[in-house]
K.L.:
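This is the structure I have questions about; it appears just below.
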Amino acid sequence: MHDKETPKANPENLLKIVQEAYEAKVVVPEFQRSFVWERNDIQELLTSILQGYFVGSFLMLDTPSSKPMFPFRTIEGLERVNSNVRPDQHNMVRLVLDGQQRITSIFYALYSPDIPLRWTKYPYKFYLLLEAALNGNLEEAVVGISVQDRRRMSEVRELVKNHRALPFTFFRESSTFYRWLYSEQQVWGDEARSIIEQLFRRIQNFMIPVVSLSPDAGTDNIVNIFERINRTGVSLSLFDLVVARLYPKGVRLRDLWDAFKNEHEAFADIISPEFLLKVIAILEGKEPRKGNLLEILDGLDAKKFEARWKGAEDAVCAACKRIEKQYGAYDKAWIPYTTMIVPLAVLLHRLKEMRAGEEAYRKVDRWYWASVFTQRYDSGVDTKSYQDVRDVISWITEGLEPDWLRRATAEAVDLSIAERRSAVYKGVICLILREGARDFLTGQQANLNTCQDDHIFPRGVYNETYPVDVVLNRTLISRETNNKKRDKHPSEFLEECLSGHNHDEARLLDTLRTHFITRDAYEALKQNDFEAFVKYREEALKKAIQTVLTGGCGDAKSR
C-alpha cells in the first residue's frame with residue numbers, strides 16, 4: 001500500500017467554475033440530489049458574495065468524460081441556455097461532489113434558465129436594486145422575482161429601463177457590464193459608478209477554496225469522502241457560532257434550544273433557533289445581522305442572556321399563536337413568511353411592555369397584512385425586520401404611519417398569481433381560512449388542518465381553456481368533498497351542494513361566502529362561466545384585502 005498525498009484546497013475563481021458549468025466541463029454526479037435551493041437561499045448566497053463573505057468550499061473530482069468514475073449529468077437548466085454543448089466534447093470533466101447547490105444557484109442567477117425553482121411553477125429572475133446597494137443595504141438590494149408576478153416584474157423592469165436596477169445576467173461577463181456602466185446609463189455619477197464597479201469586481205474576482213480529487217483516489221475512498229462531507233461538512237450557521245461564543249460563559253445554548261423544542265413542539269418545526277437570537281438583537285436595539293448579534297452577546301453575561309432568551313421564547317410563541325389564530329395560518333404551510341415571526345414577536349413583546357390597547361394591536365395587524373400583500377419580506381428580511389419594528393412602534397406612540405404602509409391598497413395586489421409559495425397566494429388562503437372555509441356539501445365547519453387546496457373550475461376539464469391554477473380559482477375543500485367534486489363542471493357540482501343544503505339557496509350562499517364566492521360569482525358558476533366567476537371573486541377578495549389593510553381585520557373565526 002503506497003501513501004497518497006492528502007488533497008489540498010486551492011483558491012479558484014467562482015465565475016470561472018460557473019462558466020465551466022455553462023460549457024459542460026463542470027457536471028454533477030447522478031447520485032447527487034437535484035437542485036433544491038429556493039429563492040431565499042439564492043438571494044442569501046448572492047448577498048454573501050457581494051459582501052465578500054466566506055461561502056464554503058467545493059469538492060471536485062476530475063474524471064474522463066468517456067469513462068467517468070461515476071455517471072453524471074449537466075447542471076440543471078443548461079439545456080435551456082446552451083443546448084448545443086455536451087460533456088463528451090471535453091476529454092476531462094469535473095464532477096461536483098460538494099457545492100452543487102451553490103454552483104447551480106449562481107448559474108441560475110447569472111444565466112437565467114427558463115426553469116422553475118423548487119416548489120414553484122414559474123422561473124425566477126434575480127436583480128440588484130442599485131439605490132439600496134449604494135446605501136449599503138445589500139440584503140435589500142438583492143431580489144428574486146417570479147416571472148408570474150406581473151406587478152413586481154413590471155416594477156423592476158421599469159427600474160432596469162431607468163438604470164436603477166441591474167439583472168444579475170449583467171454580472172457574468174465584463175463587456176456587457178462596462179458598456180452599461182460607462183456608455184448606456186447616465187444616472188450615476190463618478191462616486192456611484194465606483195461603488196457599482198466595486199460590486200461587479202467583487203463577483204468577478206470572487207475566489208473559493210476547491211479541493212480537487214483525481215480518479216486514482218479510488219471509488220471507495222471518494223464515496224467515503226463524499227458521505228463524510230455530507231454528514232459533517234455543513235458550514236457553520238449563526239446558531240453554531242453563538243453556541244461556541246456563549247460556551248465559555250457557561251451558557252449551554254443547545255440545551256436551551258432542546259428544552260424549547262420539547263416544551264413547544266407545535267412551533268419547533270416552524271422556527272429556527274436563529275429566530276430567537278434575532279429577536280434578542282432587535283430588542284437590544286440592533287439590526288439582527290451576524291456581526292451585531294455577536295457584539296451584543298459579548299456584552300451579556302450568562303444570567304442576562306438566559307433572561308433575554310426566555311423573553312424571546314415567550315415572544316416567538318405569542319407570534320406563532322397570533323399567526324395561527326388571528327391571521328388564519330392554521331397549518332405552517334400557509335404562513336406567508338415565517339421570517340415575519342421575528343418582527344411580529346418583537347412588536348408583541350413591546351406592546352405587552354407598553355400595556356397597549358386594542359388600537360395598537362390593530363396597527364400591528366395592518367402592518368402584518370400589508371407586508372403580506374405587498375410581498376415586503378421577499379428580500380432584505382433583517383433590515384426590514386429592524387426598520388418595521390422601529391416604524392410601527394413610532395406609529396403607535398407618535399401617530400407616524402409608515403409611508404409604504406399608507407400607500408398599500410388592495411387594487412395594487414395582483415390576484416392572477418398561481419405560484420403557491422407566493423405570499424399573496426398564501427395570504428388569500430389565510431383569508432379563506434379565517435372565514436371558516438365551510439364544507440360545500442354540508443355547510444359545516446371543515447377540519448381546516450386537513451383541507452385540500454384545489455380548483456373550483458376543475459383542472460382536468462378547463463386547463464386547456466383557462467388559467468385554472470390562479471388563486472382566484474382555488475380554495476380549501478375537505479378531502480371527502482373534493483373526491484366527490486373531482487372533474488365535474490361547477491354547475492353539476494352546485495346541484496349536489498344545493499341538495500346538501502336542503503335546496504335552500506340562501507343557506508348555500510351563506511356557505512359559499514366563507515370562500516369569498518358572492519351571489520354574482522355563484523350565478524357565474526351555475527353558467528360554467530370562468531371569466532365572470534374570477535371577475536366577481538376578485539372583487540370580493542379585494543374588498544376583504546382592503547378591509548385588513550385598513551384595520552378592519554377582526555378576530556379569526558373559531559375552527
Side-chain angles (χ1 to χ4, degrees), residues 10-23 26 39-58 81 99 102-113 124-145 152-153 155-210 287 289-291 378-384:
N10 294 304
E12 293 190 26
N13 183 273
L14 175 61
L15 257 61
K16 184 176 185 297
I17 294 171
V18 176
Q19 171 70 23
E20 289 177 343
Y22 175 78
E23 296 167 354
V26 167
R39 183 203 68 227
N40 287 342
D41 300 313
I42 299 174
Q43 286 179 174
E44 289 177 10
L45 177 61
L46 292 170
T47 302
S48 294
I49 291 170
L50 286 168
Q51 292 169 328
Y53 292 168
F54 177 68
V55 296
S57 57
F58 296 158
V81 295
R102 285 166 288 163
I103 292 173
T104 310
S105 293
I106 302 300
F107 174 84
Y108 192 95
L110 297 187
Y111 287 91
S112 194
Y124 275 72
K125 308 291 183 183
F126 288 83
Y127 299 88
L128 183 69
L129 307 184
L130 293 175
E131 288 190 9
L134 291 168
N135 288 329
N137 297 325
L138 288 173
E139 286 189 348
E140 192 168 343
V142 177
V143 296
I145 303 173
R152 296 192 70 220
M153 282 300 298
E155 290 173 352
V156 79
R157 283 171 178 157
E158 188 67 19
L159 290 174
V160 171
K161 178 182 176 182
N162 293 323
H163 306 295
R164 297 188 177 277
L166 275 179
F168 266 90
T169 54
F170 275 40
F171 288 85
R172 68 178 183 236
E173 52 90 20
S174 58
S175 61
T176 299
F177 172 80
Y178 281 113
R179 182 171 60 252
W180 171 84
L181 185 63
Y182 289 106
S183 299
E184 295 175 358
Q185 72 84 22
Q186 302 297 324
V187 175
W188 309 108
D190 291 344
E191 183 178 351
R193 275 203 302 263
S194 177
I195 296 173
I196 296 169
E197 184 175 0
Q198 287 175 22
L199 293 173
F200 171 74
R201 288 184 176 278
R202 198 167 285 170
I203 292 178
Q204 284 282 309
N205 299 332
F206 194 90
M207 304 298 285
I208 193 160
V210 178
E287 191 171 323
R289 298 176 184 270
K290 182 187 296 183
D378 269 8
S379 64
V381 172
D382 288 344
T383 299
K384 290 190 174 79

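All residue numbers in this chain count up from 1 along the given sequence. In this text, all values refer to a predicted model and were calculated from it rather than measured experimentally.
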K.L.:
Taking all non-hydrogen atoms of both residues, which atom of A133 and which atom of A141 are closest, and how far apart?
P.N.:
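Smallest heavy-atom distance, with atoms named: N-CB, 3.6 Å.
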
K.L.:
With the side chain counted from C-beta on, respond yes when L199 and L138 share a heavy-atom pair under 4.5 Å apart, and no when they do not.
P.N.:
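A side-chain contact under 4.5 Å exists here.
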
K.L.:
Return the minimal non-hydrogen interatomic distance between G56 and P209, and the atom names on each side.
P.N.:
O-CD, 3.6 Å

K.L.:
Using the rule given for side-chain contact (heavy atoms from CB on, under 4.5 Å), can you reason through R172 versus I203, listing the C-alpha separation, both sets of side-chain angles and the distance that settles it, and then say yes or no?
P.N.:
CA-CA 9 Å; R172 68 178 183 236; I203 292 178; over 6 Å; no

K.L.:
Looking at Y124, is its backbone amide N or carbonyl O close enough to the side chain of Y108 to form a donor-acceptor pair, meaning the two atoms are under 3.5 Å apart?
P.N.:
yes

K.L.:
Please walk me through it: do L110 and L15 pass side-chain contact (heavy atoms from CB on, under 4.5 Å)?
P.N.:
CA-CA 9 Å; L110 297 187; L15 257 61; 4.1 Å; yes

K.L.:
How many angstroms lie between atom CZ of R102 and atom CD1 of I42, to the nearest 0.5 angstrom?
P.N.:
13.5 Å

K.L.:
Do L181 and F200 touch side chain to side chain, with heavy atoms closer than 4.5 Å?
P.N.:
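No, too far: nothing below the 4.5 Å cut-off.
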
K.L.:
Return the minimal non-hydrogen interatomic distance between W188 and R193, and the atom names on each side.
P.N.:
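For W188 and R193, the tightest heavy-atom pair comes out as O-NH1, 3.2 Å.
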
K.L.:
With a 4.5 Å cut-off on side-chain heavy atoms, are W180 and I196 touching?
P.N.:
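They are in side-chain contact.
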
K.L.:
Taking the side chain as every heavy atom from C-beta outward, state whether L129 and V156 have any pair of such atoms under 4.5 Å apart.
P.N.:
yes

K.L.:
Do the non-hydrogen side-chain atoms of D378 and V143 ever get within less than 4.5 Å of each other?
P.N.:
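A side-chain contact is absent here, since even the closest heavy-atom pair is not under 4.5 Å.
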
K.L.:
What's the spacing between E140 CD and K384 NZ if we round to 0.5 Å?
P.N.:
3.5 Å

K.L.:
Can you name the side chain to side chain contact (heavy atoms under 4.5 Å, CB included) partners of N205, sequence neighbours left out?
P.N.:
R201

K.L.:
Side chains of F170 and L128: does their closest heavy-atom pair fall under 4.5 Å?
P.N.:
no

K.L.:
Test side-chain contact (heavy atoms from CB on, under 4.5 Å) on F206 and V55 and set out the steps.
P.N.:
CA-CA 10 Å; F206 194 90; V55 296; 3.8 Å; yes

K.L.:
Side chains of V81 and F107: closer than 4.5 Å at any heavy-atom pair?
P.N.:
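In contact.
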
K.L.:
Without swapping roles, check the side chain of Q185 against the backbone of V187 for a donor-acceptor pair under 3.5 Å.
P.N.:
yes

K.L.:
Say you draw a straight line from OH of Y182 to CD of E197; how long is it, rounded to the nearest 0.5 Å?
P.N.:
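So the gap between those two atoms works out to 4.0 Å.
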
K.L.:
Throw together a table of side-chain donor-acceptor distances under 3.5 angstrom for residues 44-54, partners on residues two or more places apart or in other chains.
P.N.:
unit_1, atom_1, unit_2, atom_2, d
T47, OG1, Q43, O, 2.8
S48, OG, E44, O, 3.0

K.L.:
Mind telling me whether F177 and F171 have parallel, tilted or perpendicular rings, with 30° and 60° as the class edges?
P.N.:
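Because their plane-to-plane angle lies in the 30° to 60° range, the rings of F171 and F177 count as tilted.
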
K.L.:
Just to verify, what does I195 make a side chain to side chain contact (heavy atoms under 4.5 Å, CB included) with, not counting sequence neighbours?
P.N.:
L134

K.L.:
Strictly by modelled atom types, are E173 and Y178 linked by a side-chain donor-acceptor pair under 3.5 Å?
P.N.:
no

K.L.:
Got a second to check how far D382's CG is from E287's CD, nearest 0.5 Å?
P.N.:
6.5 Å

K.L.:
Do R39 and S379 make a side-chain contact, defined as non-hydrogen atoms from C-beta onward lying under 4.5 Å apart?
P.N.:
no

K.L.:
With distance as the sole test, does N13 use its side chain to make a donor-acceptor pair with the main-chain N or O of K16 at under 3.5 Å?
P.N.:
yes

K.L.:
Does CD in E191 sit with more than 12 non-hydrogen atoms of other residues, nucleotides or ligands closer than 6.0 Å?
P.N.:
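No, CD of E191 has 12 or fewer neighbouring heavy atoms, counting only those of other groups under 6.0 Å.
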
K.L.:
What distance separates F58 CZ from I208 CD1, expressed to the nearest 0.5 Å?
P.N.:
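CD1 of I208 is found 3.5 Å from CZ of F58.
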
